[in-house]
Amino acid sequence: MKASIKNLISVSLSVLLGLTAVSGCGTKNKQPSPTAAPAAYTSDTYVFVAKDIQNTYMQKVYEGFKDSCSEIGINTAYEAPESPTAEKQIEIIKRLIDQKVKGIAIAANDENALEPALKEAMDAGIKVISLDSAVNKDSRQIHIKQADPEEIGSKLIRTAYNITNGEGGIAILTTTEQATNQNLWISYMKKELEAYPDKYASTPLITTVYGDDDYAKSKTETLSLIENPNIRVIICPTAVGLNAAGEVLQNTSMNIRLTGLGMPSQIAPFIESGICPHAYLWNTSDIGYLAGYALNALDNGQITGAKGDIFSAGHLGEKTVSTDSEGGTEVILGDLLEFNSYNISESKDMY
Ligand code: RAM
């Protein structure tokens, strides 16, 4: 009784704070809608746990998750902490365990800190996958990865080099210090620089700053970066950061350029103006869509999450589970997509 009252209070609180949304299967509602949340989830619900509430990229990923779960006939809910921290995600996970949800798909704010909570969830019979930003292999059954992280890191450095014609310092505007996905991509950026010291001699990495996937903080960090006369290009491996940095540069006459990972609908003005000549991403809703099918394949026993497992993922066709570099298993969505002045007019309507 105590537990259910606690659940009721914590869910109601989340609803008041605008952090929770739920949708039944087959719903047409596209955006997470705080007012639609019931007092508690039913035990057939797959819950998507985002990095934080203000992240519009995460909301787009959830749209795809909701679409696949709707095709399957499973209820979904959206949970997002008010800030991108592990502590806040742990609070959510604990509540979801109490509520006995069926599955959790989480974009992690920390690779290792969620382990005790997610292990507790798996021990309680809840299926757990990470997507977009991984938890360690012991904290999940599968990770859903966007694209090859080495390609993402090396491509961003090569693009920065091309944009500056090989002359001028690089800055990175990233998310939080603990973000698994951004840290992995940045490690591959550094490897690319180290692998070709002669080529990159005049394009050194000058600094890395943290916008915390917070639009206002990312703008403030950009404003301080552009004060540095040695910086010629800013790499933003974050959709929130690229959008914020583009907004700042669009309103200055600085000779500083941008590249990074961003949603074409948001960054189209920066590509069109030439401030951001090339940006990259994957199909944002498809990564959520794939996660819904993977979670369901685990849930219905079709796969266990082992290497070589094959499952059907709706319009994405058959997907195969492979091993990742940490010895866990993952499913990769596909190739990195590029957005530039040639394709942005059609891409910006996609997502
Ligand atoms: C941000 C998030 C997310 C990342 C995208 C590209 O919004 O940090 O994890 O994958 O950008």
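Order of appearance sets the numbers: ligands from 1, and atoms from 1 within every ligand. Each residue takes its place number in the sequence, starting with 1.
Those atoms of ligand 1 that come under 4.0 Å of a heavy atom in T175, given as number and element, are 8 (O). In summary, the atoms of ligand 1 found under 4.0 Å from a heavy atom of A239, numbered by their order in the structure, are 1 (C), 5 (C), 6 (C), 7 (O), 11 (O). Every atom of ligand 1 is numbered from 1 in the order shown, and the set under 4.0 Å from a heavy atom of W185 is 10 (O). Listed by number with element, the atoms of ligand 1 under 4.0 Å from a non-hydrogen atom of K51 are 2 (C), 3 (C), 8 (O), 9 (O). The ligand atoms of ligand 1 that sit less than 4.0 angstrom from a heavy atom of Q182 are 2 (C), 3 (C), 4 (C), 8 (O), 9 (O).
Checking each of K319, Q302, E71 against Y293 for a side-chain contact (heavy atoms from CB on, under 4.5 Å) leaves exactly one that passes, namely E71.
Between E167 and R232, none of the side-chain N atoms (NZ, or NE/NH1/NH2) sits under 4.0 Å from a carboxylate O, so this pair counts as no salt bridge. Checked for salt-bridge contact, K145 and D324 miss the test: no charged N lies under 4.0 Å from a carboxylate O. Salt bridge status for R95 with E79: present, with a side-chain N to carboxylate O gap under 4.0 Å.
D213 OD2, 3.3 Å is the protein heavy atom nearest to atom 2 (C) of ligand 1. The protein heavy-atom contact nearest to atom 9 (O) of ligand 1 is D132 OD2, 2.4 Å.
Using a distance-only test at 3.5 Å, with no hydrogens or angles considered, a donor-acceptor pair links the side chain of N343 to the main chain of E338. N109 contributes a side-chain N or O that, together with a main-chain N or O of K51, makes up a donor-acceptor pair within less than 3.5 Å.
At a heavy-atom cutoff of 4.0 Å, ligand 1 is contacted by the side chain of W282 but not by its backbone. Of the heavy atoms in S133, none comes closer than 4.0 Å to ligand 1.
The line from OH of Y351 to CG of D286 is 8.5 Å long, rounded to the nearest 0.5 Å.
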